[in-house]
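Contents: one structure, followed by commentary.
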Amino acid sequence: MPELPEVETVVRDLRPLLVGRALGAARRSAFALRRPWDDAWDDALADRRVVGLRRRGKWIVVDLDDAARLQVHLGMTGRLTVHPADEAVAVHTHLAFPLDDGRELRFNDARRFGSAAYFADEAALQAFFAAQKLGPEPFDLDPAAWWRDLHGTSRMLKPVLLDQTVVAGVGNIYADEALFEAGLRPTRRGSGVTRAQAEKLRRAIVAVLTRAIERRGSTIRNYVGGSGLGGGYQDEFRVYGRTGEPCPACKGPVRHLRLGGRSSHYCPHCQG
DNA sequence: ACAGGATCCTGGGGGC
DNA sequence: TGCCCCCAGGATCCTG
């Protein structure tokens, strides 16, 4: 569910609520997340103070005062939110850290595709990202490298955009929206894209993500920011989830197709 | 290298 | 009201 704009919104919401706060002993649910929690992490995290929050791709990183890092991925249905400690705990809450201000940081994830992990220092965290071969941030994409990546693959553009080793943070919604913005079909082969088209696509990715961040991301079902407030970009979708509805440009029907198990939405007239 | 399918899960919506 | 099937902002693993 959460892609780059949603994760960025969570980080921005949580920053004022968490920085300066100390974490108490974590409470955990009996369910395992995608990556199992190591019991040793409980002691390592207890009483640590939060000094910063940031995003890398779709990953949330909480910086702690002993240089350790708490890393969270929201998967499809994850929520990372702060609540009054006495507020009822929602079902599917898998991690809860009491804060020293009477509140609580809670990680809730119905489908449990998300994860949370501890890293002793920045080097360990970066080693993890390196092992994942996590690609560059969309805003930092080097135009020449991006074109080489596209030109050098016979894969279709849609799966390339979803590939976190090529560019980090783009997911199903913003891939479709960026391809529409660039006038390129999801099925176009990377190797068949001109340099100008690659640049148009790169700029479309940046524009769509920037606008979505301004709107606090997209709320379709589960997603909320760190303060519990949802997003508004779903009101600006031009093709995503709009199968059969008129294309905002040519008024022809938006089409749907399945690529790599994911839904893709596009306008056959405007996207060549 | 790449495509497609299955898998991990729960919940909501549509059709009957 | 109930059931069954399909779908979902992600990622990974296996097969052909």
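Residue numbers start from 1 in every chain, and the chains themselves are labelled A, B, ... in the order their sequence lines are given, proteins ahead of strands.
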Distance test, side-chain N/O of A:Gln164 to OP1/OP2 of C:dG10, below 4.0 Å: no
Heavy-atom neighbours of A:Arg203 CZ exceed 12 at 6.0 Å: no
Rounded interatomic separation in angstrom, taking CG from A:Leu162 and P from C:dG10: 7 Å
Sidechain N-carboxylate O distance under 4.0 Å for A:Arg103, A:Glu87: no
Sugar-phosphate, base or nothing in reach of A:Arg189, heavy atoms under 4.0 Å: sugar-phosphate
Below 4.0 Å: OP1/OP2 of C:dT12 and any side-chain N or O of A:Gln132: yes
A:Arg69 with A:Asp121: basic N within carboxylate O range, under 4.0 Å: no
Pairwise P distance for C:dC3 and B:dC9, with rounding to whole Å: 24 Å
P spacing across the pair C:dG10 / B:dA1, given as an integer number of angstrom: 24 Å
Protein-nucleotide distance (A:Leu161, atom CG; C:dG10, atom P), rounded to Å: 12 Å
Contact under 4.0 Å: A:His73 side-chain N or O vs C:dA11 OP1/OP2: yes
Shorter than 3.5 Å, N or O on both sides, protein versus nucleotides 9-12 of chain B: list them out with atom names.
{"unit_1": "B:dC9", "atom_1": "O3'", "unit_2": "A:Arg112", "atom_2": "NH2", "d": "3.1"}
{"unit_1": "B:dC9", "atom_1": "O2", "unit_2": "A:Arg111", "atom_2": "NE", "d": "2.7"}
{"unit_1": "B:dC9", "atom_1": "N3", "unit_2": "A:Arg111", "atom_2": "NH2", "d": "3.4"}
{"unit_1": "B:dT10", "atom_1": "OP1", "unit_2": "A:Arg112", "atom_2": "NH2", "d": "3.0"}
{"unit_1": "B:dT10", "atom_1": "O4'", "unit_2": "A:Ala110", "atom_2": "O", "d": "3.4"}
{"unit_1": "B:dT10", "atom_1": "O3'", "unit_2": "A:His92", "atom_2": "NE2", "d": "3.0"}
{"unit_1": "B:dG11", "atom_1": "OP1", "unit_2": "A:His92", "atom_2": "NE2", "d": "2.6"}

Cationic N near anionic O, under 4.0 Å, A:Asp163 to A:Lys158: no
Under the salt bridge (Lys or Arg N to Asp or Glu O under 4.0 Å) test, residues paired with A:Asp100 that sit two or more places apart: A:Arg21, A:Arg49
Protein-nucleotide distance (A:Arg262, atom CZ; B:dT7, atom P), rounded to Å: 17 Å
Residue pairs fulfilling ring pair (Phe, Tyr, Trp, His ring centres under 6.0 Å) with at least one residue in residues 247-272 of chain A, sequence neighbours excluded: A:Tyr240-A:His265, A:His256-A:His265
Ring centers of A:Trp59, A:Phe128 separated by less than 6.0 Å: yes
All stems with DNA chain C, defined as three or more consecutive Watson-Crick or G-U pairs under 3.5 Å: B:2-8 with C:10-16, B:10-16 with C:2-8
Ion pair check, A:Glu122 and A:Arg54, cut-off under 4.0 Å: yes
Touch class at under 4.0 angstrom, heavy-atom based, for A:Gly261 against every strand present: nothing
Gap between atoms CZ and P, on A:Arg258 and B:dA3 respectively (whole Å): 16 Å
A:Lys200/A:Glu181 ion pair, N-O < 4.0 Å: no
Distance, rounded to the nearest Å, where A:Leu33 contributes CG and C:dT12 contributes P: 15 Å
A:Trp147: hydrophobic cluster co-members (side-chain, 4.5 Å): none
Between the protein and nucleotides 13-16 of chain C, are there any N/O to N/O pairs under 3.5 Å, and if so, what are the atom names and distances?
none

Steps toward side-chain contact (heavy atoms from CB on, under 4.5 Å) verdict (A:Leu141, A:Val167): CA-CA 8 Å; A:Leu141 273 180; A:Val167 56; 4.0 Å; yes
Nearest-angstrom distance from the residue atom CD of A:Gln71 to C1' of C:dA11: 14 Å
Side-chain donor-acceptor pair present, A:Gln197, A:Arg188, cut-off under 3.5 Å: yes
Whole-Å gap separating P (B:dA3) and CG (A:Leu259): 9 Å
Side chain of A:Arg34 (C-beta onward), nearest among C:dC7, C:dT12, B:dG4: C:dT12
Options B:dC2, C:dA11, C:dA8, nucleotide nearest the side-chain atoms of A:Arg155: B:dC2
Test item: A:Glu199 side-chain N/O and A:Pro143 main-chain N/O as donor-acceptor pair under 3.5 Å: no
Residue A:Lys58, side-chain heavy atoms: nucleotide from B:dA3, C:dA8, C:dG10 that is nearest: C:dG10
Whichever of A:Trp59 and A:Ser263 has its nearest DNA chain C nucleotide further upstream toward 5': A:Ser263
Whole angstrom value for the distance that separates C1' of C:dG10 from NZ of A:Lys158: 12 Å
Short side-chain N/O contact to B:dA1 OP1/OP2 from A:Ser154, under 4.0 Å: no
